[in-house]
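Working notes, beginning with the structure itself.
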Protein chains: 2
Amino acid sequence: MVDVARLADVSVATVSAVVNDKGGVSDERVKRVRDAMVALDYHPDQIARSLKVGKTHVIGMVVPDITNPFFLEVVQGLETEALQNSYSLILCNSGEDPQRERDQLSTLFSRRVDGVVLGCTDSSSAYDGLIRRRFPLVFIDRLPIGFTGGAIVSDNVAGAHEATRHLIELGHTRIAIIAGELRLSNGIDRVEGFRKAMQEAHLPVREEYFSRGDFQIESGYRHGLELLRLAEPPTAILACNNKMTLGLMRAVGELRVPCPEQVSILGFDDFEWAANFSPKLTTVAQPTHEIGRQAMKMLLSKLKPSGGDSETPADSLVVLRTELRIRESTAPPPAR
Amino acid sequence: MVDVARLADVSVATVSAVVNDKGGVSDERVKRVRDAMVALDYHPDQIARSLKVGKTHVIGMVVPDITNPFFLEVVQGLETEALQNSYSLILCNSGEDPQRERDQLSTLFSRRVDGVVLGCTDSSSAYDGLIRRRFPLVFIDRLPIGFTGGAIVSDNVAGAHEATRHLIELGHTRIAIIAGELRLSNGIDRVEGFRKAMQEAHLPVREEYFSRGDFQIESGYRHGLELLRLAEPPTAILACNNKMTLGLMRAVGELRVPCPEQVSILGFDDFEWAANFSPKLTTVAQPTHEIGRQAMKMLLSKLKPSGGDSETPADSLVVLRTELRIRESTAPPPAR
DNA sequence: ATGAAAGCGCTAACAA
DNA sequence: TTGTTAGCGCTTTCAT
């Protein structure tokens, strides 16, 4: 920078002003500085700038499972929005491991990220401290139980409810669910929506039709096999996320159970390839990109309290609508 | 830091030594410092550290298409390796847009990343400058034509060759290819492998069987429709990447062409769901995680020339083997 | 074994 | 409009 200043025969303050479009610099000097900058191939050092201004213009995102297309799409939405506001993204994957999540958060803080978007893995209250200290943090997809603070989630209760109703309206009565992790809000809410719909239709939730998975492919597969091998198997199965749906479909395929003739499959989470399966999957689509975009917006509103137009309220729970996409994997139950 | 020093009643230099495990500090003082650190919930400021030492311990990765599971898996491999060496990752998506790629690279440099892993979008020679200036840069998956420098790629020629041979051995003679972008090495090489195998078998590459896609789903779909609607359609189709394979499968499904009975499909790139399609897809699997891991290793070897044991040579072209995974989408051609 | 002090490249008062 | 200068929080000689 001093080199640029010297070459342009101005002070470093002037160079700084030019670099940051501060104005108040005569056109002629602006030109001289600009020329010197290209002549020296000068790139302003964001690190030094960050140290001085206390802001890095970097936000951290920690996702529980980068393998999951759902989070990928969220990341995309986030990235788009971040880019537009010239924020960079440090991406971390906790792999559903609370300890790793803590580590990642810690390095993120050390790197002085301006804010964090978090798909939490834990329902611990370790976050409370951060929130109380008003560290810009927004949760996505899942909430620790009893959580208050900024978050963007899908309406999991309504989504599961609508999905179950669809099955019921098709005439199913023997409906099974492969639930997910029940320590986080999303798993809980989806089960709740399911139960609600069943209850409203005066349908029992049989114990053997309720399986508790862990959101991974393998558990969808294993529980799928179990359910389909029951003496009286369900005629419809709701899988509570994309990966478990995948595992379930594998089970269906291996057992050669005709779908949807023999069993209807409905999966939570839509993904790009759901429409390419045969049969094409009926799914509950979450507005993934929108989740990412809104999360970034909420974060931005926390970062610059200047924005008086609270387009995205800074500390609210935003619940986004899901959409039932009816395709080919759901149909009326087989006639007996 | 001064607070910690004060509380522990030592100098900041001592605190620094403790934080960085420098040794040469009496046990008693180490303990005092450690206690003070937790008492004050002190997190060392990496930004300030970076400014001082001139290294950020951050590496940048710019991928051409974050939507593509291939790059995702590469990112995973990279992330794993990076984490183990306590590097963080700034992830950028160029969206196959050379201009955006340049912008992303520029901000990455401003952020003083220690190195960059790049899936380039352009075959421009803009990279030469960087390379000459010995900026730590490693390419993955694709190379600008005529490129020299560090890179990790798959053996695309051999992969496509093996795939095509598989089709030929099955008895196919009317084999079509949906090629990808031909300005980058990967697209070119896959076509070359295909041509080579055809030539060796004295099979013609008919013009109407050679379609030029762009690596996106849509183009796989469109070209798929075209090929399948030909008066004399091919009995086997090789799609040159995962997304085009997906589009192709959609075309196959819509046209209700029995696969593999009527047409065999072979896709470049394996992905987690390839085995869940029906029919299960025969694919050429690239060692995605390995690409990421090796890329990071190569970068590391450039970052610390200390490592005399050149486990990963710093500036070589590493070509990784692909693996043909034969599943259900390829079979002998229909009897006439 | 420990501490004092000089910067890393930048920004933002403040002065001129 | 322009320049001088004091730090931002850390590391690292160099004394002690």
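Chain letters run A, B, ... following the sequence lines, proteins first, then strands; residues in each count from 1.
- Take the nearest nucleotide of DNA chain C for A:H43 and for B:T14: the residue whose nucleotide is more 5' is B:T14.
- Residue B:V2 is out of contact with every strand shown, counting any heavy-atom pair closer than 4.0 Å.
- Salt-bridge annotation for A:K302 and A:D315: present, with a side-chain N of the basic residue lying under 4.0 Å from a carboxylate O of the acidic one.
- Looking at residues two or more places apart in sequence or on another chain, you find a side-chain hydrogen bond (donor to acceptor under 3.5 Å, both in side chains) between A:N186 and A:D141.
- With no hydrogens or angles considered, a side-chain donor-acceptor pair links A:T288 and A:E73 at under 3.5 Å.
- No donor-acceptor pair closer than 3.5 Å links the side chain of B:E81 to the backbone N or O of B:Q294.
- Atom CG of B:D41 sits in a crowded spot, with more than 12 heavy atoms from other residues, nucleotides or ligands closer than 6.0 Å.
- Near DNA chain C, meaning a heavy atom under 4.0 Å from it, residues 108-116 of chain A has no residue at all.
- Side chain of B:R111 to main chain of A:Q46: no donor-acceptor pair is present (N/O by atom type, distance under 3.5 Å, no hydrogens or angles).
- If you walk DNA chain C from 5' to 3' and mark each nucleotide with an atom closer than 4.0 Å to a heavy atom of chain B, the marks span C:dA1 to C:dG9.
- Annotation: ring-ring contact (aromatic ring centres under 6.0 Å, His included) contacts involving residues 64-123 of chain A, sequence neighbours excluded, comprise A:H57-A:Y87, A:F109-A:F135.
- Residues from residues 27-40 of chain A placing a heavy atom under 4.0 Å of any atom in DNA chain C do not occur.
- Between the side chain of B:T80 and the main chain of B:Q76, a donor-acceptor pair closer than 3.5 Å is present.
- Under a 3.5 Å cut-off, the side chain of A:S16 and the backbone N or O of A:V12 do not form any donor-acceptor pair.
- B:K52 places its NZ atom 13 Å from the P atom of D:dC10, with the value rounded to the nearest Å.
- The distance between atom CG of A:L51 and atom C1' of D:dC10, rounded to the nearest whole Å, is 8 Å.
- Regarding contacts with the backbone of D:dC10, every side-chain N or O of B:S50 stays at 4.0 angstrom or more from both OP1 and OP2.
- Atom CG of B:D45 and atom C1' of D:dG7 are 14 Å apart (whole Å).
- A donor-acceptor distance shorter than 3.5 angstrom exists from the side chain of B:T56 to the backbone of B:R112, with no hydrogens or angles considered.
- For B:S185 (side chain) and B:L143 (main-chain N/O), a donor-acceptor pair under 3.5 Å exists by modelled atom type.
- Looking at residues 19-26 of chain A, you'll see A:N20, A:K22 sit with a heavy atom under 4.0 Å from some atom of DNA chain C.
- The side chain of A:V12 has D:dT4 as its nearest neighbour among D:dC8, D:dT11, D:dT4.
- Not one N or O on the side chain of A:N20 forms a donor-acceptor pair closer than 3.5 Å with the backbone of A:K22.
- The closest donor-acceptor contact from the side chain of B:D97 to the backbone of B:Q99 lies under 3.5 Å.
- For the pair B:A13 and B:V53, both in contact range of DNA chain C, the more 5′-proximal nearest nucleotide belongs to B:A13.
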